[in-house]
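Worksheet: one structure, shown below.
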2 protein chains.
Amino acid sequence: MDPNVIPNVSVDCVIIGYDLQDISILLIEREMIYNDRKYVDLKLPGDLVRWNEDIDSSAHRILFDLSGVQINNLKQLQAFGEVDRLKEEPRDMEWLRSIDHPEERVITIAYYTLVSLDLIHSQKFKPNPNARWVPISKIGKLAFDHNRIINIALDTLRQEIKKNPVAFDLLPRKFTLSQMQKLYELVMGTCFDKRNFRKKIAQIPCIVPINEKQVNVPHKPARYYMFSHDVYEATRKDSFDFLV
Amino acid sequence: MDPNVIPNVSVDCVIIGYDLQDISILLIEREMIYNDRKYVDLKLPGDLVRWNEDIDSSAHRILFDLSGVQINNLKQLQAFGEVDRLKEEPRDMEWLRSIDHPEERVITIAYYTLVSLDLIHSQKFKPNPNARWVPISKIGKLAFDHNRIINIALDTLRQEIKKNPVAFDLLPRKFTLSQMQKLYELVMGTCFDKRNFRKKIAQIPCIVPINEKQVNVPHKPARYYMFSHDVYEATRKDSFDFLV
DNA sequence: TCAAAAGTGTTGGTATTACACCCATGT
DNA sequence: ACATGGGTGTAATACCAACACTTTTGA
């Protein structure tokens, strides 16, 4: 066991992405032989916290090691500390033994982050070969209590996206209003009227149209918009107050 | 050092109360001699987590030991895990030594709870003799990072009270609309128009007037209201949607 | 010329704000 | 009788929900 880590405290990260089609989570594939059968499970990226790092720093380190890039809009979700949270599934316990983790109690602190297509497609983004983007509709039973953690992350995103301009962390820097609307619809699980949606956007000063349109699309090309952080800071009242 | 506890993980509890005048926090007085001077500091109630209890159970245990009653509307806030969070103030470190806490890193998980006057005044409520209710306007510098934790608890309350019927955890079972309005004003830091406030309340089915009025008040006695959990469950849509 | 998505206004209903006076009680 | 907080209505405005057709492009 690595002497640099606190053996009972870990950090797990829910990395949420939007590829203009689906909302997906970046998961780690875990292969193991158990009772002579091969299992391929998925889990959240995570690690034990080191003695000399803040828990926020652990989360940053985990993301950097996973992706090769510094990701900074990281938010803490909450801690998960049931005594038996790692012990429901015998396979999970066997896996802990296999990575030389003492079969002890681990309290985990979950973080989540939103990453945009721009980042994912950038040269620097070199995810760990075991990492997989999995659309949330296709996530099966994960290791440990990781399904629960993801659900709480998505609930939190649902709350956040209504009140704070976090959608722009998921969208590319230049986006069309339809892309934005679809994102909101996926996150909130509802549909919006196109005209009413656009009317609302038009009143938000920090979402600014730019002089650029889609090219090579087999329909009327859509205008691009971008989010202006400057304008947002200069004009925000108390909350973004987007969609009730 | 108690072998039953995880030495690096604690729980701290922010206990919020409303006495119809002020919002107060229940704090623990810590007396110590340091450099030949006597110090009386205040801190949040908290303790290390035991190996055999969930973190939620730690929080319940801390509240029970402190107050003598079972308190169950307890919500996790978040974890605080900076490496040096206990080490800013030499006096705090000295105190840790004095209670035989190894001078190690402690990650704490903060919880908060709302308690009503009814509970506080009940026979069973027998707080620890070192416990003090301190109005939030009169809280000075606390031990460790406990000011920060309280501020985050109050922010969270501010969010919650807008969307969920948590005000009724702070109010007595029977309350007047003015008492309720004052609570909202204290929490949110704003004033409301009395008539508009009451109009809004009248539309919320789960806040029901009862056939009872104040007695012995030197003014027109106010009607009492109560919160009906049944009606709330039966009529709630998605959120309480109280005051933007 | 067709398919596919972009883009655009009006109306009726609902919710929100601002505002001032009389009432019931204890002292 | 007076001080104290309780209780009530209206009008102007802002916001929200529902709804259908024309436009631009690539194939």
Side-chain angles (χ1 to χ4, degrees), chain A residues 18-22 161-163 171-172 174-186 188-205 207-226 235 237-244, chain B residues 18-22 162-163 171-172 174-186 188-205 207-226 235-244:
Chain A
Y18 170 54
D19 62 4
L20 308 182
Q21 299 297 324
D22 283 305
I161 208 170
K162 283 192 270 190
K163 288 283 159 195
L171 287 163
K174 299 173 190 174
F175 53 88
T176 70
L177 294 187
S178 297
Q179 290 165 354
M180 180 172 172
Q181 182 174 345
K182 180 163 189 187
L183 172 59
Y184 270 87
E185 289 176 339
L186 284 170
M188 314 267 292
T190 52
C191 289
F192 299 109
D193 177 88
K194 187 163 49 153
R195 278 178 287 191
N196 292 338
F197 186 89
R198 283 159 190 253
K199 225 178 301 172
K200 196 126 190 187
I201 300 294
Q203 285 167 258
I204 301 177
I207 303 176
V208 298
I210 59 177
N211 275 330
E212 202 171 331
K213 293 188 172 185
Q214 286 180 317
V215 288
N216 276 324
V217 285
H219 54 77
K220 180 169 173 178
R223 148 160 276 163
Y224 282 116
Y225 286 71
M226 52 177 284
T235 62
K237 320 209 195 321
D238 255 350
S239 73
F240 186 64
D241 198 21
F242 184 66
L243 300 162
V244 178
Chain B
Y18 171 53
D19 63 4
L20 309 182
Q21 300 297 325
D22 283 304
K162 282 193 270 188
K163 288 282 161 195
L171 286 163
K174 300 171 190 175
F175 54 87
T176 70
L177 294 187
S178 296
Q179 290 165 354
M180 180 172 171
Q181 183 175 343
K182 181 164 189 186
L183 172 59
Y184 270 87
E185 288 176 342
L186 284 171
M188 314 265 293
T190 53
C191 289
F192 300 109
D193 177 88
K194 188 163 48 152
R195 280 179 286 192
N196 293 338
F197 185 89
R198 282 159 191 252
K199 223 179 303 172
K200 197 126 191 188
I201 299 294
Q203 288 166 256
I204 302 177
I207 302 176
V208 297
I210 60 178
N211 274 330
E212 204 172 330
K213 292 186 171 186
Q214 287 180 316
V215 288
N216 279 324
V217 284
H219 53 76
K220 179 169 174 179
R223 150 159 274 162
Y224 282 116
Y225 286 71
M226 53 178 282
T235 62
R236 80 210 198 97
K237 319 207 196 321
D238 254 350
S239 74
F240 187 65
D241 199 22
F242 185 66
L243 300 162
V244 179

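So you know, we letter chains A, B, ... as the sequences are listed, proteins then strands, and number each from 1.
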Would you tabulate the pairs of protein nitrogen or oxygen atoms and nucleotide nitrogen or oxygen atoms of nucleotides 20-23 of chain C closer than 3.5 angstrom?
unit_1: dA20(C); atom_1: N1; unit_2: R195(B); atom_2: NH1; d: 3.3

I'd like a list of close polar pairs between nucleotides 10-15 of chain C and the protein, N/O only, cut-off under 3.5 Å.
unit_1: dT10(C); atom_1: O4; unit_2: K199(A); atom_2: NZ; d: 2.9

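To the nearest angstrom, P of dC15(D) lies 18 Å from CZ of F197(A). Look at CG on L20(A): it is 14 Å from P on dA5(C), rounded to the nearest Å. Between D193(B) atom CG and dG6(D) atom P the separation is 14 Å, expressed in whole Å. When rounded to the nearest whole Å, the span between NZ of K182(A) and P of dA6(C) equals 11 Å. Protein atom CZ of F192(A) is 12 Å distant from nucleotide atom P of dC16(D), rounded to whole Å. The distance between atom CD of Q179(B) and atom C1' of dG7(D), rounded to the nearest whole Å, is 15 Å. The separation between I201(A) atom CD1 and dC15(D) atom P is 16 Å, rounded to whole Å. Atom OH of Y224(B) and atom P of dG7(D) are 11 Å apart (whole Å).
Listed by chain and number, the residues in a salt bridge (charged side-chain N to carboxylate O under 4.0 Å, His left out) with E185(B) amount to none (sequence neighbours excluded). Residues meeting the side chain to side chain contact (heavy atoms under 4.5 Å, CB included) test with R198(B), sequence neighbours left out: L177(B), S178(B), K194(B). In this structure P218(A) satisfies the side chain to side chain contact (heavy atoms under 4.5 Å, CB included) test with no other residue, sequence neighbours excluded. Scanning for ring-ring contact (aromatic ring centres under 6.0 Å, His included) contacts around F175(B) gives F168(B), with sequence neighbours left out. Applying the side chain to side chain contact (heavy atoms under 4.5 Å, CB included) criterion to K182(A), with sequence neighbours excluded, gives Y18(A), Q21(A), L186(A).
Here side-chain hydrogen bond (donor to acceptor under 3.5 Å, both in side chains) pairs that include residues 216-225 of chain A, with residues two or more places apart or in two chains, are N211(A)-R223(A).
Within residues 209-218 of chain B, the residues having any heavy atom under 4.0 Å from DNA chain C are, by residue number, V217(B), P218(B).
Residue R198(A) places at least one side-chain N or O closer than 4.0 Å to OP1 or OP2 of dG7(C).
Between the CG atom in L20(A) and the CG atom in L171(A) there is a gap of 7.5 Å [rounded to 0.5 Å]. Rounded to the nearest 0.5 Å, atoms CD (Q181(B)) and CD1 (I201(B)) are 8.5 Å apart. Distance check: Q179(A) CD to D19(A) CG gives 11.0 Å after rounding to the nearest 0.5 Å.
Residue R223(A) is in sugar-phosphate contact alone, with no base atom involved, counting any heavy-atom pair closer than 4.0 Å across all strands shown. As judged by a 4.0 angstrom heavy-atom cut-off over every strand, S178(A) is placed among residues touching the sugar-phosphate backbone only.
Looking at F197(B) and M180(B), their side chains come closer than 4.5 Å, going by heavy atoms from C-beta outward.
Looking at every heavy atom in both residues, P209(B) comes nearest to I207(B) through CD-O, 3.9 Å.
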